[in-house]
*Asks:* 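Below is a structure I'd like to ask you about.
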Protein chains: 2
Amino acid sequence: MYSYTEENYLKAIYKLQEKNNDAINTNSIARVMSTTAASVTDMIKKLSDKKLLEYQKYKGVQLTESGKKTAIETVRKHRLWETFLHNKLNFLWDEVHDIAEQLEHIQSQTLIDKLDEYLGFPTHDPHGDPIPERNGIIKTSNYVLLSDMTLEKEGIISGVVNHSSLFLQHLQKIELTLGRLVKVIEINAFDLSLSIQLDKDQKIQISNEVARNILMKTK
Amino acid sequence: MYSYTEENYLKAIYKLQEKNNDAINTNSIARVMSTTAASVTDMIKKLSDKKLLEYQKYKGVQLTESGKKTAIETVRKHRLWETFLHNKLNFLWDEVHDIAEQLEHIQSQTLIDKLDEYLGFPTHDPHGDPIPERNGIIKTSNYVLLSDMTLEKEGIISGVVNHSSLFLQHLQKIELTLGRLVKVIEINAFDLSLSIQLDKDQKIQISNEVARNILMKTK
DNA sequence: AATAATTTTTAGTCTTGTCTAAAATTTTTT
DNA sequence: AAAAAATTTTAGACAAGACTAAAAATTATT
């Protein structure tokens, strides 16, 4: 269908579009794709010819419905493969991304359907990100940042903002993993660091930097 | 490491080398790769520069140890993925090849190690072909063609010669699947077709054409 | 051994995706 | 509103992998 590279561009533009409402400019695409603005302009023209995005010179781009659909399919594949790697092959959550970057480009609708079924139709990947459904619908939850939680509030760790290995490994080390019950027991005014209680027993200290990157589900 | 295309060439040359003792010529590579002799010459030069094969103009090629090692690694990946698709995702044995052709190029030694372990260190793929071990050793069995078996001889279906979908689907339909016990009860002199008994109860007729493509393990 | 047929290689071109350097456009600053 | 800065596009080039057509080498035939 579409090339490895085309899929990566569409996915990158889709993700930029998620946070930014207006048209996505050339430089920001170049930044996330680790390439030059000139290369981005070249690729944008090709994707525009294929009606995957709308492009006006110097005005940035916006995905068409077709482009968005393709991007979401790639995200779905990526997150299903991450789930497979973590749940079945016992990869740690900081190890799955790079391999899933390759696996997401395997072409076979049947494969993805069967993988989805084999995994038990998971709704979220190992980082807590929602897995788009087969029809393209993404069920998003209303998460709140751990750093925004008030005193005595309880919640369940449900996702991360920062996806870097460094951060994920840190969370792994201090055992702040997906699904754990957390209660804020102290907010330090000086540095905004938190004292939190984990699953009723353990009590630990975390920096605001860490808390700002953890997504919580609260009642 | 090596590109998708380079790996495919190495695998193709390795397979040709398996049946042919002497150097592999350009045209035979072009035939199995569905490309032109000119393209093969181009690629051969690149692989030769990388010391993956030995090449003398007009004299054909032979894989070096390094080239053979890479080819076997690709075969190992291919067969492990086929096993995964068949054993875990319930793909039929004629459906696994094309997807495994893509999956075999995913780069991650850890992934292959973990997949191998997850599958329980299988020795053969869904077509009965041996899966090379991590160290490159391939344990081959001494199979005999069903068409070469003598009257009253028993054996277990252990592999196929022809890997085409058409043939595999035919075997599936007449339930001649891997692992079944077969006894030759009649050999028809006219067309060399066979009457065989399956698992003690069922009795069926098969053509010599079919029998010539089935590999049996006998005591 | 010369000619014919086949095989293989070379030369030149194409596509995809990338790059640098320069030109064009837009945005910001004064 | 003009000049400066930043962004974006164009032009030209390159590498990988492929192709066609023509040349070179090998093998087969007479």
Side-chain angles (χ1 to χ4, degrees), chain A residues 1-14 16-17 20-63 67 70-71 74 101-102 104-107, chain B residues 1-14 16-17 19-63 67 70-71 74 101-102 104-105 107:
Chain A
M1 202 62 166
Y2 300 112
S3 78
Y4 188 106
T5 314
E6 286 170 335
E7 287 183 354
N8 282 339
Y9 268 95
L10 290 173
K11 200 178 58 157
I13 296 166
Y14 170 73
L16 287 168
Q17 219 167 250
N20 258 35
N21 299 346
D22 27 331
I24 307 305
N25 54 13
T26 306
N27 261 353
S28 56
I29 299 172
R31 210 167 310 121
V32 297
M33 294 292 294
S34 303
T35 185
T36 62
S39 304
V40 172
T41 302
D42 288 344
M43 178 54 78
I44 274 174
K45 284 183 192 160
K46 285 174 202 161
L47 296 174
S48 176
D49 289 348
K50 295 185 180 180
K51 311 262 184 252
L52 292 164
L53 46 79
E54 273 160 52
Y55 167 55
Q56 277 184 287
K57 273 191 198 175
Y58 296 99
K59 304 290 179 196
V61 301
Q62 263 187 309
L63 292 182
T70 305
T74 306
E101 280 292 295
Q102 300 179 61
E104 73 189 10
H105 301 292
I106 303 292
Q107 311 247 304
Chain B
M1 202 59 165
Y2 300 112
S3 78
Y4 187 105
T5 314
E6 286 170 333
E7 287 184 353
N8 281 340
Y9 268 94
L10 290 174
K11 200 177 58 157
I13 295 166
Y14 170 73
L16 288 168
Q17 220 169 249
K19 348 185 178 166
N20 258 35
N21 298 345
D22 27 331
I24 307 305
N25 54 15
T26 307
N27 261 352
S28 56
I29 299 172
R31 210 168 309 123
V32 299
M33 292 293 294
S34 304
T35 185
T36 62
S39 303
V40 173
T41 302
D42 288 346
M43 178 53 79
I44 274 174
K45 284 182 191 161
K46 284 174 203 162
L47 296 175
S48 176
D49 289 348
K50 294 184 181 182
K51 310 265 185 252
L52 291 164
L53 47 78
E54 273 161 50
Y55 166 56
Q56 277 185 287
K57 273 191 196 173
Y58 296 100
K59 303 291 180 194
V61 301
Q62 264 186 310
L63 293 182
T70 306
T74 306
E101 280 292 296
Q102 299 179 63
E104 73 188 10
H105 301 293
Q107 311 244 304

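Because the structure is predicted, anything quoted here is derived from the model rather than measured. Proteins get letters first, then strands, A, B, ... in listed order; numbering begins at 1 in each. All heavy atoms count here, side chains included; hydrogens, waters and symmetry mates do not.
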*Asks:* So, do B/T26 and B/Y55 sit near enough that their side-chain heavy atoms are less than 4.5 Å apart?
*Replies:* no
*Asks:* Taking the side chain of B/Y9 as its heavy atoms from C-beta onward, which of C/dT8, C/dG17, D/dA18 lies nearest to it?
*Replies:* D/dA18
*Asks:* Does OP1 or OP2 of C/dT10 have a side-chain N or O of B/T41 closer than 4.0 Å?
*Replies:*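 For C/dT10, neither OP1 nor OP2 has a side-chain N or O of B/T41 closer than 4.0 Å.
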*Asks:* Would you check if B/T70 and B/Y14 make a side-chain contact, meaning some heavy-atom pair closer than 4.5 Å?
*Replies:*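 They are not in side-chain contact.
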*Asks:* Under 4.0 Å, counting only non-hydrogen atoms across every strand here, what does B/Y4 touch: a base, just sugar-phosphate, or nothing?
*Replies:* nothing
*Asks:* For A/L53 and A/I24, run side chain to side chain contact (heavy atoms under 4.5 Å, CB included): C-alpha distance rounded to whole Å, both residues' side-chain angles, the deciding distance at 0.1 Å, then the answer.
*Replies:* CA-CA 11 Å; A/L53 46 79; A/I24 307 305; over 6 Å; no
*Asks:* Can you tell me the distance, in whole Å, between the CD1 atom of A/I29 and the C1' atom of D/dT7?
*Replies:*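 Taking atom C1' of D/dT7 as the reference, CD1 of A/I29 is at 13 Å.
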*Asks:* Should A/T26 be listed as having a side-chain N or O under 4.0 Å from OP1 or OP2 of D/dT9?
*Replies:* yes
*Asks:* What is the distance, to the nearest angstrom, from the CD atom on B/Q56 to the P atom on D/dA25?
*Replies:* 15 Å
*Asks:* Do side-chain atoms of A/E7 reach the backbone of A/T74 as a donor and acceptor pair under 3.5 angstrom?
*Replies:*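 Flag not set: sc A/E7 to bb A/T74 has no pair under 3.5 Å.
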*Asks:* Would you indicate which nucleotide in C/dT26, D/dG17, D/dA24 comes nearest to any side-chain atom of A/K59?
*Replies:*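 Nearest to the side chain of A/K59 among the choices is C/dT26.
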*Asks:* How many whole angstroms separate atom NZ of B/K50 from atom C1' of D/dA15?
*Replies:* 11 Å
*Asks:* Respond yes when some side-chain nitrogen or oxygen of B/Y58 is under 4.0 Å from OP1 or OP2 of C/dT10, and no when none is.
*Replies:* no
*Asks:* Tell me what A/S39 touches on the nucleic acid: a base, only sugar-phosphate, or nothing, going by heavy atoms under 4.0 Å.
*Replies:*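 Answer is base: heavy atoms of A/S39 come under 4.0 Å of a base.
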*Asks:* Please give, in whole Å, the distance from C/dG17 P to A/L10 CG?
*Replies:* 11 Å
*Asks:* Roughly how many Å is it from CG in B/L47 to P in D/dA16, rounded to a whole number?
*Replies:* 12 Å
*Asks:* Return the 5'-most residue of the pair A/T5, A/K57 with respect to DNA chain C, ranking by each residue's nearest nucleotide.
*Replies:* A/T5
*Asks:* Round to the nearest Å and state the distance from B/D42 atom CG to D/dA21 atom P.
*Replies:* 16 Å
*Asks:* Starting from C1' on C/dT7, measure out to CZ on B/R31 and report it in whole angstrom.
*Replies:*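 So the CZ-C1' distance, B/R31 to C/dT7, works out to 11 Å.
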*Asks:* If you assign B/K45 and A/T36 each to the DNA chain C nucleotide with the nearest heavy atom, which residue ends up on the more 5' nucleotide?
*Replies:*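 The residue whose closest nucleotide sits nearer the 5' end is B/K45.
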*Asks:* Taking 4.0 Å as the cut-off, does a side-chain nitrogen or oxygen of A/Y2 come that near to OP1 or OP2 on C/dG17?
*Replies:*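 Checking A/Y2 against C/dG17: no side-chain N or O falls below 4.0 Å of OP1 or OP2.
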*Asks:* What is the separation between atom CD1 on A/I44 and atom P on C/dT18, rounded to the nearest whole Å?
*Replies:* 12 Å
*Asks:* May I ask you to evaluate whether B/N27 reaches the phosphate of C/dT8, defined as a side-chain N or O under 4.0 Å from OP1 or OP2?
*Replies:*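 Yes, within the criterion.
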*Asks:* Start with the C-alpha gap between B/N8 and B/E104, add the side-chain angles, then the distance that decides, and say whether side chain to side chain contact (heavy atoms under 4.5 Å, CB included) holds.
*Replies:* CA-CA 10 Å; B/N8 281 340; B/E104 73 188 10; 3.3 Å; yes
*Asks:* Between D/dT7 and A/N25, is there an OP1 or OP2 to side-chain N/O distance shorter than 4.0 Å?
*Replies:*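 For D/dT7, OP1/OP2 do not have a side-chain N/O of A/N25 under 4.0 Å.
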